[in-house]
A.B. asks: 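Input: one structure, supplied below.
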Amino acid sequence: MKHTLAILVENKPGVLTRVAGLFSRRGFNIESLAVGVTENKDISRITILVSGDDNILEQVEKQLNKLIDVIRVSDIPADESVNRELALIKVGVDTTTRAEVMQIVDIFRAKIVDVGIKSLVIEVTGDESKINAMEQLLRQFGIKEMVRTGKIAMNRGAKLVQSEKR
Amino acid sequence: MTKQKMSGARAVIESLHCENVEVIFGYPGGQVLPLYDELYDADVRHILVRHEQAAAHAADGYARATGKAGVCLATSGPGATNLVTGIATAYMDSVPMIAITGQVPRPLIGYDAFQEANITGITLPITKHNYLVQDAKDIPRIFKEAFYIAQTGRPGPVLIDIPKDTQIEVIDFEYPQEVKLRGYKPTYAGNEQQIKKAASLIVKAEKPIFYVGGGIIFSKAAEELRTLAETILAPVTTTLMGMSAFPTAHPLSVGMLGMHGTRYANYAVQESDLIIAVGVRFDDRVTGKISAFAPNAKIIHIDIDPAEISKNVRVDIPIVGDAKNVLKSLTKYIKIEQAKTDGWIKKIEAWKKEYPLTYKKDKLLRPQYVVEQISEICPDAIIVTEVGQNQMWAAQFFNYKTPGTFISSGGLGTMGYGFPAAIGAKVGKPESTVIDISGDGSFQMNSQELATVVQEDIPVIVAILNNGFLGMVRQWQELFFDRRYSSTCVENSVDFVKLAQAYGALGLRATRKSEVKDVIEEAVASKRPTVIDFVVEREENVSPMVPAGAAINEILDLE
């Protein structure tokens with residue numbers, strides 16, 4: 001089972017080390033990670049994709065809550081949330097393949113953000129499966145380089161992840 | 001409070017004053033010179049140890065004896081890393097401690113400067129929290145938070161790393177009245193609904209047992225435990241950390257459980273229908289084979305740390321809260337006209353008669369006899385232990401009466417802990433007799449502290465159960481490695497009497513049973529730091545024993 005955890009933390013040096021260190025120390029596996037500031041500049045939000053059964057998840061949440069700099073941990077349910085990743089993909093092209101690649105970019109509502117003689121840089125956002133699908137299709141043209149962000153997620157509707165703990 | 005201008009170093013001392021710190025244990029060095037300069041005429045007692053590890057253990061022993069946070073101080077780099085074992089020991093046993101370290105000046109951090117170590121990084125997994133002072137004006141706030149974090153909720157060590165230049169910088173000092181930590185709000189009162197559910201299980205139980213640990217001692221809940229146990233007439237077993245939480249001689253006491261627990265405690269746990277676990281964490285030394293642990297029991301688990309609930313063993317009724325509060329309100333909900341536990345108590349009585357905790361009582365000087373004699377001659381002593389056989393015998397054969405009179409490194413199992421921890425305990429409780437029940441191996445890990453006790457006139461008694469072996473490891477080698485005593489024979493390493501005398505302490509020796517009483521009495525009467533060398537039977541084993549990984553009712557009796 002994969003879970004997406006939204007962790008609100010104090011925006012201070014070393015906090016990411018505390019969170020990441022806890023995962024490795026307790027034998028929990030981080031599948032993806034994204035960090036950034038929130039609407040409140042004193043608070044950062046770490047989104048971590050973690051896999052494991054309910055017991056493991058319960059332990060992860062409790063151990064995270066023990067960290068003094070962790071303000072709130074919440075499990076974002078996949079079916080009631082918006083999930084996004086972003087990828088930059090550099091694809092090798094020539095005169096014969098450029099048009100076809102651009103067509104795929106169009107279909108995926110992705111963007112070409114850099115054009116070179118022998119390559120294109122494509123920016124794509126979406127959930128994990130969309131980015132995986134795009135990667136699959138582009139592979140035949142030769143992916144020279146790819147970089148993906150960790151996943152970020154937000155509850156749909158009025159539900160919030162707020163800083164008041166529990 | 002009005003703001004005062006002062007250096008960062010002075011602000012540290014003022015912060016310690018504001019927290020009513022009376023004593024710190026430390027060792028100077030380059031990056032704490034400004035702090036030591038302030039200590040020169042401060043009215044905080046500073047006890048100079050001879051190795052920083054001892055400073056951390058002494059602060060730990062002080063904290064366990066008094067319930068107040070212990071404070072230790074060391075310089076950067078090697079000074080700080082020498083504290084690490086002591087900090088980890090305190091972390092595993094939830095001991096409130098403040099460790100202060102010097103750090104190289106801010107502009108040098110990260111450049112591998114002389115005596116630089118990233119001590120906040122190193123201690124990340126072994127502190128409840130830690131700080132690197134980035135700005136001298138943060139010192140008062142950081143100290144306020146550190147003491148609050150160390151002493152509330154589940155207690156633990158907090159480290160504050162202070163770069164030398166921030167010790168010199170001048171700030172406006174104002175000690176905050178309160179802390180603002182939105183990520184830290186410990187729960188003290190138990191959930192009322194959960195407590196009611198627990199009460200209804202307790203009333204119905206026919207074979208209940210209390211399984212209690214260090215949480216009872218830290219929360220000062222021994223009285224509440226006793227009241228509840230006597231109300232429902234249930235036996236009480238304690239962990240090593242819980243020794244002294246319930247009087248050893250109480251008819252409901254079944255002593256320690258687990259690997260070197262009593263047969264009757266382990267049998268009772270395995271046969272119980274309800275375990276009331278308070279301030280414990282279901283450690284592997286307690287549960288043995290976890291899938292075979294207490295197969296018929298429902299479990300109520302009371303603990304202040306939510307992360308301990310259902311970590312190792314699934315529990316039926318978790319109650320997060322302070323042991324004292326929860327036991328008090330639990331007692332209110334329990335109405336028992338006639339306890340249903342008569343048959344259960346009788347069964348346990350029978351086990352107690354059939355499988356008493358004992359040893360061979362012949363003419364030879366056996367270590368258990370020494371512990372029994374200490375118990376008889378110094379019934380009110382604070383017992384501190386090292387780690388290994390000495391620790392188990394101290395747990396098994398001393399008659400504990402008062403909570404907090406057994407101090408031992410339970411979780412980390414740190415050899416060399418006992419002597420410096422005894423120093424801390426004696427400084428915190430100068431009116432008590434403090435005895436370190438030691439082994440010849442463990443004592444040699446921090447014997448340099450004899451210089452400290454003599455210089456500071458701290459009359460602790462070190463009772464070495466000297467068998468010339470690293471006894472516990474030797475015991476495992478005897479049982480599981482075909483008696484191949486690899487590197488465990490430490491016979492004749494040193495003459496402990498002469499060693500004590502060399503430092504100016506009193507050195508005594510007993511080689512026969514008949515001499516034991518006299519040397520203990522002489523040590524107590526001398527009011528001097530004393531080392532007693534008890535030359536005991538060499539291959540005595542700690543018995544009974546549950547082999548690692550076995551169920552706790554699969555017990556071996558060892559000769």
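Worth knowing before you read on, the calculation uses all heavy atoms, side chains too, and leaves out hydrogens, waters and symmetry mates. Just so it is clear: chains get the letters A, B, ... in the order the sequence lines come, proteins before strands, and each one is counted from 1.
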A.B. asks: Taking it one step at a time, do A:Ile43 and B:Arg182 satisfy side chain to side chain contact (heavy atoms under 4.5 Å, CB included)?
C.D. replies: CA-CA 11 Å; A:Ile43 297 177; B:Arg182 53 189 158 185; 3.6 Å; yes
A.B. asks: Taking everything shown except A:Asp53 itself, do over 12 heavy atoms lie less than 6.0 Å from its CG?
C.D. replies: yes
A.B. asks: Walk me through it: do B:Lys180 and A:Glu10 pass the test salt bridge (Lys or Arg N to Asp or Glu O under 4.0 Å)?
C.D. replies: CA-CA 12 Å; B:Lys180 292 185 202 111; A:Glu10 298 289 347; over 6 Å; no
A.B. asks: Are more than 12 heavy atoms from other residues, nucleotides or ligands located less than 6.0 Å from atom CG of A:Asp94?
C.D. replies: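 Counting other residues, nucleotides and ligands, CG of A:Asp94 exceeds 12 neighbours.
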A.B. asks: Tell me, for A:Glu61 versus chain B, whether the close heavy atoms (under 4.5 Å) come from the side chain, the backbone, both or neither.
C.D. replies: neither
A.B. asks: Would you confirm whether A:Lys62, through its side chain, and B:Ile309, through its main-chain N or O, come within 3.5 Å as a donor-acceptor pair?
C.D. replies: yes
A.B. asks: Counting only heavy atoms closer than 4.5 Å, note whether A:Arg25 contacts chain B via side chain, backbone, both or neither.
C.D. replies: side chain
A.B. asks: Give a yes or no on whether A:Leu160 atom CG has more than 12 heavy-atom contacts from other residues, nucleotides or ligands under 6.0 Å away.
C.D. replies: yes
A.B. asks: Which one wins on heavy-atom pair count under 4.5 Å against chain A: B:Asn130, B:Ile149, B:Leu132?
C.D. replies: B:Asn130
A.B. asks: Write down the atom of B:Ala307, the atom of A:Lys66, and the distance for their closest heavy-atom approach.
C.D. replies: CB-CD, 3.6 Å
A.B. asks: Does some side-chain heavy atom of B:Lys185 sit less than 4.5 Å from a side-chain heavy atom of A:Asn65?
C.D. replies: no
A.B. asks: Using heavy-atom distances under 4.5 Å, tell me whether B:Glu145 contacts chain A through its side chain, its backbone, both, or neither.
C.D. replies: neither
A.B. asks: Answer yes or no: does atom NZ of A:Lys118 have more than 12 heavy-atom neighbours from other residues, nucleotides or ligands under 6.0 Å?
C.D. replies: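 Result for NZ/A:Lys118: open.
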A.B. asks: Heavy-atom distance under 4.5 Å between the side chains of A:Leu67 and B:His129, does that happen here?
C.D. replies: no
A.B. asks: Take atom NZ of B:Lys68 as the centre, draw a 6.0 Å sphere, and report whether it contains more than 12 heavy atoms from other residues, nucleotides or ligands.
C.D. replies: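 Yes - once you tally the heavy atoms of other residues, nucleotides and ligands closer than 6.0 Å, there are more than 12.
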A.B. asks: Just wondering, more than 12 heavy atoms not from A:Lys90 lying within 6.0 Å of its NZ?
C.D. replies: no
A.B. asks: Has A:Ile152 got more than 12 heavy atoms of other residues, nucleotides or ligands less than 6.0 Å from its CD1?
C.D. replies: no
